[in-house]
Structure formats: C-alpha cells, structure tokens
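This report concerns only the one structure given below.
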Amino acid sequence: MFTATCLDTDLPTMFPTSGREDFFFSSSRRCIWVNGPVIVGAGPSGLAVGSCLKREGVPFIVLERANCIASLWQNRTYDRLKLHLPKQFCQLPNFPFPEDFPEYPSKFQFITYLEAYAKHFEITPNFNETVQSAKYDETFGLWRVKTVSNSGPIPMELEYICRWLVVATGENAEKVVPEFQGLEKFSGHVSHACDYKSGEGYRGKRVLVVGCGNSGMEVSLDLCNHNASPTMVVRSSVHVLPREIFGRSTFELAVTLMKWMSLRMVDRVLLGIARLMQGNLEKYGLKRPSLGPLELKNVEGKTPVLDIGALAKVRSGEIKVVPGINKFSSGKVELVDGQILEIDSVILATGYRSNVPSWLKENDFFSEDGIPKDPFPNGWKGKAGLYAVGFTRKGLSGASLDAISVAMDVAKNWKEETKQKKKTMAAKHRRCISHF
C-alpha cells in the first residue's frame, strides 16, 4: 500500500500502475488510485462496458449503490414483465442469450442472463457504494469520485482518483413522482410502479393507474388479470402498436424496412398496418401523436407502447381510460373533464429519469435532465476522459453500441499511456545503472 501525508502532490507520477492502490489523504477519507476507468452503475450498461474492457485487458472498478447488479430489474419491476423486444436485440456484447430462452425472455430470465454475464467476465462491482460527487481536477488532469460505502458495519467515505470516468447509471435511475393537488388528502394507498410486483394485493379494488406507457398498460392488464378494476389516466397522446405484425416483431420489421425507406416512410407503414389491425383507438381515449412512433422516439425519447393484451381490455371496458387529473380528495379523484371517481388505490406509472445532475459536478456534457447533449450516435464521449453509456434512448442495443465505442477509446488511450510509462521507467532505470 502507498500512503501519503500531503494533499497537493503530482498524483499521476506518484501512483503505481497496477489496477488500483489505496492510500490516505486524511484520517477521514480513504483514497484509491484506479489505473483505468471508474464505471458508475452495475446495470446492463455498466456490465457491457466492463466486459469490453476485460477483453482489452484494461483494469477498472464498478461502483453500484444497490446490493446487486441490475437493481432496477431486480428490485423495481413487476413480476409479469418481459423484454419488449426479441432477445437478439437485447443481448449484451460478446455473450448471446441461451438458445433455450424464449424470444421474449421474462424479467427473471433476463436477470439470470445478466448474473451469468457478470460471472463469465469476472465483473465484481463494489456494492452498497453511493457516489456523492464526481469532479474533474484540472490541476492534475484527473477525476475525483467521492463515495460513501455501506458494505461494512460503519459507513466509510472514499475517494477514487482516475483518468477516465464512465457514467453508466442510465436514463431510469430515479422514479418520477409528479405533484397532484390534494394527493396528501387521499386516504387510500399510493405507490409508484417501481414498487408494484403483482395485482394479487389489489383484488376487488378500484385502482387509478396514472400513466399510459408500457408500464401503465401492463400494470393495468395485470390488475385486470387479478380481478381488480383499473382506470388508466391518459394525459397526452400515445402510440400503441401491436408487439408483432404477421408473426414477426414490430421492431424487427421496422429495422428491416429502414434499410430501404426513410424513417418517416417506415412510420407511415407501421401506422397503416396498426390501424388495420387495431382500428381507430381515439374512440377509446387513446389519441395518436402527430409525429410517427419512430420519429417521436428520436426527437423526444418517447417509446411507443407495444401491446401484449391491454388493448383488448380497453375495448371491452375492463380497463377504463380517463383524461388528466384535476385534484384528489379523501377516497376520490376529480378529473379535468369534471368526472369524480371513487377509488381505493393509486399507482403512479409516471416513469423515471436520470440522476446524473445530482452528483456529476460542473460539467457541460450532460443537459439539465441528465442526458448527453449530443444525440446518438455521438453522445458517448465527452471531454477530459468522461464517457456515457445507456443514454441513447435506444434500449439495450444502443447501450451495447456505446459500450463497445467507450471501451475501444479508453483501451487505446490506456495502452498508449501504459507504453509511455514503461518507456519512462526504463529510461530512469538506465540512468540509475549508468551512475554505478
């Protein structure tokens, strides 16, 4: 172990070139030099970067605030969840899904895949370690990543020093909870979709589901299947597409068509087929946006709903669709059209957001909402050794592409620096010998 009593030293020349080394700048914070990147987040994005760096021989560490990999999938998703896209579009680099997995693996199968992925590439994150701040030190040309580790009996403050920082916390790090007038007066149970597991505890209940994305639709469907009475709040327009068209994945069809057609033309084809298969959805309260589903995803990041059965429940009236909320009161909700509904529970399927602005300091690479300012495919690399993975708004396939780009760029720089350090040390060694 290398120890230091000074605070201001030429850090790069003092630190060894092994994977990591511990030292102390003070009695309260343990400092660790990482001879490679620090990856923040052990979800699919962080694991993908780690695997690619392993193949390049680059050392790294992964910091994860939860006690497991893929905590969003393990702790904050409902039990009936399956991948919305076929598995070939969701596999991470250098490790395909098992052949016996179905085309749309379940949540539990995907978690099994990720655990096997981490084991195969020997990725061992530092769990229960929360990043408080990450700031670039211009004086030394290094990143300082301050964390609190809760893995032991007493919380420990740490600071990682590194040349490269990979932000892999993704677009869905924190739940979004909108403010509603009178919600504090509502006497029933209120929860976010991230805490919903199944409709078992809602049997016979009148449940207001706020939100009509994939989560809102699937939670409403699951409630129906458990004999609850869901009412879904649709505050804005939404694209609902069949998950499959003529036995083929809608997404796969779109990818194929885009080889020969423009994005807008593919949107027209998809919407034409959807109308033939689904009919006019506006009469059920589901109005389509003016932009097509693919263009809307590119421009605003809004994902179309891929229907797996909820639409039939909407048509039958088992899932009621209502407009926006005006206010809540005890056991009731008043809608913007004046309707007053008696309800027992509220589930907020209101989505997630990035948490990057809360800890990444003084940086202009990310926007205020925690997404890289440069759109895909250029949003993976910032300045001064800063990288981002999992913010493409293109799902797991987009994250995999970014992971490969980041790992190749870091590996190139790391190998050049390592080669230069070896030359410098060899020159010093020759000078020492010449003095004897």
Side-chain angles (χ1 to χ4, degrees), residues 41-48 50-51 62 64-125 127-128 168-175 191-203 209 211 213-228 230 243-244 249-252 303 305-310 347 349 351-352 390 395-400 403:
S45 297
L47 297 178
S51 76
V62 181
E64 171 55 51
R65 63 180 176 176
N67 62 354
C68 60
I69 64 168
S71 61
L72 174 65
W73 283 87
Q74 299 217 45
N75 302 329
R76 292 183 287 160
T77 51
Y78 39 93
D79 291 343
R80 67 162 288 123
L81 178 63
K82 294 184 177 181
L83 294 180
H84 293 126
L85 304 181
K87 62 183 180 182
Q88 65 265 31
F89 296 106
C90 300
Q91 63 189 25
L92 301 185
N94 310 310
F95 197 78
F97 278 97
E99 291 185 2
D100 60 347
F101 271 31
E103 185 174 13
Y104 299 94
S106 70
K107 155 190 171 175
F108 302 105
Q109 289 171 321
F110 186 55
I111 292 169
T112 298
Y113 166 78
L114 293 177
E115 289 175 338
Y117 191 89
K119 182 177 180 181
H120 178 78
F121 291 104
E122 298 180 331
I123 300 171
T124 54
F127 293 121
N128 300 305
T169 49
E171 305 159 348
N172 302 315
E174 303 287 350
K175 63 185 178 183
S191 64
H192 192 272
C194 68
D195 299 312
Y196 179 90
K197 297 302 177 186
S198 82
E200 184 62 38
Y202 294 90
R203 290 184 182 276
V209 179
N214 280 296
S215 293
M217 286 280 193
E218 291 190 31
V219 166
S220 297
L221 176 60
D222 192 56
L223 288 167
C224 275
N225 293 338
H226 285 88
N227 297 318
R243 186 174 68 172
E244 294 184 341
S249 159
T250 301
F251 179 80
E252 185 179 4
T303 303
V305 173
L306 296 177
D307 178 51
I308 58 171
I347 298 174
Y352 301 86
L396 293 165
S397 59
S400 293

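Heavy-atom basis, side chains included; hydrogens, waters and symmetry copies ignored.
- Contacts of R65 classified as salt bridge (Lys or Arg N to Asp or Glu O under 4.0 Å), with partners at least two apart in sequence or in another chain: E174.
- Remark: A42 engages V62, E64, I69, P125 in a side-chain contact (heavy atoms from CB on, under 4.5 Å) (not counting sequence neighbours).
- Remark: S397 engages no residue in a side-chain hydrogen bond (donor to acceptor under 3.5 Å, both in side chains) (not counting sequence neighbours).
- Qualifying side-chain contact (heavy atoms from CB on, under 4.5 Å) partners for S106, counting only residues two or more places apart in sequence or in other chains: K82, F108, Q109.
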| field | Verdict with reasoning, W73 to L81, per side chain to side chain contact (heavy atoms under 4.5 Å, CB included) | value | CA-CA 9 Å; W73 283 87; L81 178 63; 3.6 Å; yes

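- Evaluation of the side-chain hydrogen bond (donor to acceptor under 3.5 Å, both in side chains) rule for E200 yields R203 as partners, not counting sequence neighbours.
- Across all their heavy atoms, P44 and L114 have their closest contact at CG-CD1, 4.0 Å.
- At least one donor-acceptor pair under 3.5 Å links the side chain of K197 to the backbone N or O of T77.
- Looking at residues two or more places apart in sequence or on another chain, you find a side-chain hydrogen bond (donor to acceptor under 3.5 Å, both in side chains) between S51 and Y117.
- Residues that satisfy the side-chain contact (heavy atoms from CB on, under 4.5 Å) test with N75, not counting sequence neighbours, are N67, C68, S71.
- With hydrogens and angles ignored, the 3.5 Å screen pairs a side-chain donor or acceptor of R76 with a backbone N or O of A173.
- When every heavy atom of G199 is checked against every heavy atom of L223, the shortest pair comes out as CA-CD2, 4.1 Å.
- Applying the salt bridge (charged side-chain N to carboxylate O under 4.0 Å, His left out) test to pairs two or more places apart or on separate chains, those with a residue in residues 104-120 are D79-K107.
- Residues V305 and G213 come closest through the heavy atom pair CG2-C, 3.6 Å.
- Not a single side-chain hydrogen bond (donor to acceptor under 3.5 Å, both in side chains) links Q74 to another residue, sequence neighbours left out.
- Here the side chain of S191 pairs no donor or acceptor atom with the backbone of I347 at under 3.5 angstrom.
- Heavy-atom minimum distance, C90 versus F110: O-CE1, 4.3 Å.
- The shortest heavy-atom contact between A193 and A349 is CB-CA, 3.9 Å.
- Applying the side-chain contact (heavy atoms from CB on, under 4.5 Å) rule to K87 yields the partners F97, F101, P105; only residues at least two apart in sequence or on another chain are considered.
- Residue pairs satisfying the side chain to side chain donor-acceptor pair (under 3.5 Å) criterion with at least one member in residues 95-104, sequence neighbours excluded, are listed as follows: Y104-E244.
- Checking side-chain atoms of Y113 against main-chain N and O of L92 turns up a donor-acceptor pair under 3.5 Å.
- The side chain to side chain donor-acceptor pair (under 3.5 Å) pairs that include a residue from residues 213-226 are Y78-E218, H84-E218, Y196-D222, where partners are two or more places apart or lie in different chains.
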